[in-house]
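Labels below follow one simple rule: chain letters A, B, ... track the order of the sequence lines, proteins then strands, and each chain is numbered from 1. No experiment lies behind these values; they were computed from the predicted model shown.
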Amino acid sequence: MHRVLNVAEKNDAAKSLARLLSKNSASMREGFSRFNKIYEFNYQLFNQPVQMIFTSVSGHIMNCDFTAAHNSWAQTDPVILFDATIQKKVTDRALDIEKTIKREVVKCQTLIIWTDCDREGENIGFEVINLCRPLKANLKIYRARFSEITFNSATRALTNLIQPDERVSAAVDVRQELDLRIGAAFTRFQTLRLQRLFGFDSKQVISYGSCQFPTLGFIVERYLQRVNFISEPFWKIAVEHQTEAGEFCEFTWERNRLFEHQPCLVIYDMIMDEPLAKVMDVKSKNKSKWRPAALDTVEMEKLASRKLRMTGKKTMEIAEKLYMKGLISYPRTETNIFPTEINLQPLVQNQANDPRWGAFAQRVLNEGPRPRNGKNTDKAHPPIHPTRYPDGQLTDDENKLYELIVRHFLACVSKDAQGDETTIKISIANENFNASGLIIRERNYLDVYVYDKWSEKELPHYELNQTFYPTKIEMIQGETTAPQLLTESDLIALMEKHGIGTDATHAEHIAKIQDRLYTKMNSERRFEPEKLGLGLCEGYDKMGHALSKPHLRAELENQLKAICEGRANPADVLREQIDKYRQVFIATSVQIQKLDDSMTKYFGPPGQNPPPPPPPRPPPSGPFGDPPQTPRNNNNNQPARPQQPRPPPPARPLQQEQIRPTNSTGVPKCNCDADAKELTVKKDGPNKGRSFFRCGNNDNCNFFAWKDDATPSNAGGGQRQFGDNQANSFRKRRQSDNDDDTKQRKCGLCKQAGHTRRNCPSLNL
DNA sequence: GCAAGGTC
């Protein structure tokens with residue numbers, strides 16, 4: 001009989017595929033690897049009876065690495081690693097798998113690759129093909145293309161077998177080689193140098209990776225934005241009205257806020273002169289709140305982090321388990337568009353008996369499921385959706401994630417929520433204020449999607465042209481606030497946006513930079529850099545090669561895509577990239593003093609050369625493992641190096657009493673006693689065009705001062721004289737007593753009766 | 001002792 005060897009990416013996939021295709025009649029036997037079994041059954045393929053033999057790998061079975069000649073960190077100049085020979089060979093872990101596949105393929109005439117339908121899956125497929133082809137002349141080789149492990153999907157794949165795509169696999173080879181060369185060269189170089197100069201433990205690897213560094217870069221960038229943030233005061237006017245029936249309404253200023261006190265005060269006074277409000281517009285319109293779009297991996301990780309407080313890593317682990325149990329579709333997908341060939345009806349039907357959302361699923365069935373789609377497709381996998389209702393027990397975490405996926409799915413195929421939005425526009429002394437309210441008419445998807453809130457706000461009834469006196473009119477001072485540190489969800493979104501890592505690895509890179517002591521998650525579940533992370537990013541940033549920025553990786557990603565689509569030649573891309581990074585590496589080693597300087601800021605000046613002997617390690621503590629490791633040299637007999645305190649945060653704008661001595665041209669001295677550098681704000685915002693001073697010594701200190709604050713002739717002027725307390729003293733309160741409009745009011749400017757500030761004769765002066 | 005990518 002014709003025998004067909006089928007190889008899946010993992011044992012569970014082989015097992016499920018065999019079970020589905022054989023209708024549960026496959027027999028199982030052992031292979032050489034105890035994790036990768038062999039499943040056999042008879043099948044009708046190519047219109048003839050065949051024996052199907054299903055087995056699997058466990059992801060990649062090969063790895064590339066340098067040869068033994070370059071293994072020694074001490075004796076290999078890292079720059080050589082850009083050109084050193086690289087071998088690709090079966091990993092030790094996969095030797096048993098290799099043995100099984102080699103033994104089985106010689107008995108077969110056909111090989112079908114069932115690895116996942118993404119770039120890495122294609123490459124893993126070629127690892128298998130390259131093992132098999134030399135062993136069997138005339139071996140027929142096919143690729144099964146499937147996007148979920150279901151009977152329909154698997155049988156469809158078998159009737160539509162295709163050829164494996166060499167270009168896609170070649171793109172992965174390019175990526176592997178570059179990641180290895182660049183990662184190894186920079187990691188060895190910086191680890192050895194920083195261990196030697198700054199006394200890091202000889203076990204502490206200070207790694208560089210094309211994904212881990214940009215990830216760290218995002219965290220550091222946000223941290224610095226926050227530390228360097230200079231708060232700006234602003235002023236705004238708030239209006240409140242309580243109707244005779246006792247209903248409240250708050251109005252917000254159409255100008256939102258002003259960054260200068262004086263103009264705001266002028267407007268406020270004008271309002272207080274004529275505080276009669278007139279209703280200019282009353283609008284009511286339909287408002288929809290959109291149901292969520294079909295779920296892709298990144299969105300799932302972000303949602304689980306926000307709503308379930310589950311890390312990305314954990315989320316992916318659990319999703320993988322749910323997938324293996326056949327409960328959800330493949331969890332690594334960039335697609336958020338449901339392909340038309342997926343029949344949603346039975347998928348919704350599967351959920352119709354659940355006590356929590358069954359009734360909702362039934363409603364969807366009655367109306368017909370209509371998905372809200374996003375804009376992306378990876379042409380490999382559908383959006384994440386439930387494929388089956390669980391028949392056994394799930395763990396707590398599995399339950400929570402399954403629930404999220406089901407609720408998201410049902411919400412996605414249901415209807416947007418509908419409401420009526422009312423907006424009221426009033427005018428007081430020609431200044432406009434708005435209030436808006438919302439009444440929800442149909443909750444629709446909100447009934448199942450407990451993670452979204454849409455709050456109702458009822459407004460009092462107002463008639464067009466109605467007038468009233470507000471209960472309260474206040475001028476309020478506020479301050480702009482610094483951006484928050486990144487949450488995991490923010491970080492994943494940034495990685496996704498810049499093409500750092502894959503759906504499957506975002507979470508791992510985030511874990512890696514914590515292991516490396518570059519960053520940590522604080523008690524508010526936000527990421528803050530550690531000293532080591534700050535020192536590294538700052539040092540490399542000063543060199544200007546953007547190694548901690550996402551662009552290099554994004555550019556490579558584009559070239560890989562071009563290889564996949566046949567627009568670029570893999571060998572050319574590889575050569576070009578290696579040349580580029582070799583140059584960057586050489587330039588880095590020339591300017592390495594910049595990294596040393598940054599590290600010195602955080603770890604004190606470099607120690608003596610030659611390096612002190614490595615600290616004696618305490619003996620292992622027996623069956624319960626090693627005692628906790630101290631990160632650096634504090635457990636030896638030598639006195640610990642004096643630690644320099646962390647540099648102070650950058651100065652806020654100078655207050656008057658802090659004004660510094662200036663030179664003859666009015667330029668102040670910075671904290672390192674150099675003439676400060678004058679710059680102008682270029683960024684759009686309240687201070688655009690305003691001049692300021694920074695450290696004149698290559699930003700050595702954190703000196704900052706506004707020019708108009710620092711220059712004595714101008715000191716004391718400007719908006720900043722209005723502190724919090726003073727601003728509060730401008731708060732006024734006015735009751736809408738009826739006396740007010742019968743009384744003659746006085747002009748706010750000249751204090752004469754008979755006119756107001758706007759038509760005050762003194763304004764004509 | 002390096003990377004990132006699969007998966008266990």
Side-chain angles (χ1 to χ4, degrees), chain A residues 7-15 33-37 56-66 70-76 78 80-82 84 86 88 90-91 93-94 96-97 115-128 168-169 171-192 194-195 200-215 313 316-317 319-321 323-324 330-332 495 499-513 515-516 547 552-553 556-557 560 577 581 585 614:
Chain A
V7 182
E9 192 159 318
K10 47 193 166 267
N11 181 63
D12 294 271
K15 182 178 172 184
S33 154
R34 63 193 180 94
F35 301 112
N36 304 80
K37 315 287 187 193
S56 56
V57 289
S58 292
H60 284 286
I61 53 176
M62 299 184 142
N63 193 24
C64 55
D65 209 344
F66 300 109
H70 296 111
N71 275 352
S72 163
W73 286 36
Q75 283 156 38
T76 310
I80 292 176
L81 300 177
F82 287 99
I86 284 180
K88 193 167 187 179
V90 176
T91 58
R93 237 185 17 176
D96 287 341
I97 294 172
T115 48
D116 296 346
C117 293
D118 50 27
R119 215 152 68 187
E120 297 296 329
E122 211 63 24
N123 189 267
I124 294 167
F126 273 92
E127 291 177 3
V128 174
V168 174
S169 176
V172 173
D173 288 333
V174 169
R175 176 198 60 71
Q176 286 177 349
E177 187 172 333
L178 282 169
D179 284 340
L180 175 65
R181 291 190 190 281
I182 300 162
F186 278 93
T187 299
R188 290 186 189 187
F189 176 64
Q190 72 185 17
T191 299
L192 293 178
L194 298 180
Q195 280 178 358
F200 290 103
D201 190 287
S202 65
K203 293 264 189 305
Q204 186 178 352
V205 173
I206 303 171
S207 59
Y208 174 87
S210 53
C211 289
Q212 45 179 280
F213 250 54
T215 306
K313 198 159 186 248
M316 290 312 290
E317 278 166 23
E320 182 72 24
K321 288 195 182 129
Y323 170 63
M324 283 309 162
Y330 190 67
R332 289 187 277 274
M495 294 171 78
I500 303 301
T502 69
D503 325 333
T505 61
H506 290 146
E508 288 168 28
H509 298 307
I510 296 173
K512 169 83 80 184
I513 55 177
D515 287 349
R516 294 287 190 228
L547 286 173
L552 291 166
R553 182 74 192 186
L556 173 61
E557 193 56 38
L560 296 181
Q577 290 278 332
Y581 275 97
F585 183 85

Spacing of CH2 belonging to A/W73 relative to CG belonging to A/L192, to within rounding of 0.5 Å
6.5 Å
To the nearest angstrom, the CG-C1' distance between A/D515 and B/dA3 comes to 15 Å
Please tell me which of A/S58 and A/G501 maps to the more 5' nucleotide of DNA chain B, matching each residue to the nucleotide holding its nearest heavy atom.
A/G501
Side-chain (A/E120) to main-chain (A/V172) donor-acceptor, under 3.5 angstrom:
no
Any stacking of A/Y208 on B/dA3, going by centres under 5.5 angstrom and planes within less than 30 degrees?
no
Gap between atoms CD and P, on A/Q176 and B/dG5 respectively (whole Å)
10 Å
Those residues that, when tested against A/D179, pass side chain to side chain contact (heavy atoms under 4.5 Å, CB included) (two or more places apart):
A/R175, A/S210, A/R553
For A/F186 together with A/F213, are the ring centres under 6.0 Å from each other?
no
Taking atom P of B/dA4 as reference, at what distance in whole Å does atom CD of A/E508 sit?
10 Å
Separation of atom NE2 in A/H60 from atom P in B/dT7, rounded to whole Å:
9 Å
Rounded to whole Å, please give me the gap between CG in A/L556 and C1' in B/dA3.
12 Å
Among the nucleotides B/dG1, B/dA4, B/dG6, which one has an atom lying closest to any side-chain atom of A/E9?
B/dG6
Phosphate-side-chain proximity, A/R332 and B/dT7, N/O vs OP1/OP2 below 4.0 Å
yes
Here the distance between atom C1' of B/dC8 and atom NZ of A/K10, to the nearest Å, is 11 Å
Phosphate contact (B/dG1 OP1 or OP2) by A/S207 side-chain N/O below 4.0 Å:
no
side-chain N/O A/Q212 vs B/dA4 OP1/OP2, d < 4.0 Å
yes
Under 3.5 Å: donor-acceptor pair, side chain of A/R181, backbone of A/A84:
yes
If you take all heavy atoms of A/E122 and A/T115, which pair is closest and at what distance?
N-OG1, 4.4 Å
Considering heavy-atom distances to DNA chain B, does A/H70 or A/M324 have its closest nucleotide positioned more toward the 5' end?
A/H70
When all nucleic acid strands are considered with a 4.0 Å heavy-atom cut-off, which category describes A/R516: base, sugar-phosphate, or nothing?
sugar-phosphate
Counting side-chain heavy atoms from CB outward, which of B/dC8, B/dA4, B/dG1 is closest to A/R93?
B/dC8
If you go through the side-chain atoms of A/N11, does one of them form a donor-acceptor pair with the base of B/dC8 closer than 3.5 Å?
no
Interatomic distance where CD belongs to A/E127 and P belongs to B/dG5 [whole Å]
15 Å
For A/T191, report the nucleic acid contact type (base, sugar-phosphate, nothing); a contact means any heavy atom under 4.0 Å.
base
Roughly, in whole Å, what's the span from CG in A/N123 to P in B/dA4?
17 Å
Check every strand shown and say whether A/D65 touches a base, only sugar-phosphate, or nothing at a heavy-atom separation below 4.0 Å.
base
Between B/dA4 and A/R119, is there an OP1 or OP2 to side-chain N/O distance shorter than 4.0 Å?
no
Under 4.0 Å between any heavy atoms, over every strand shown, what does A/A504 touch: base, sugar-phosphate, or nothing? Just pick one.
sugar-phosphate
So, is A/T505 close to the B/dG5 phosphate, meaning a side-chain N or O under 4.0 Å from OP1 or OP2?
yes
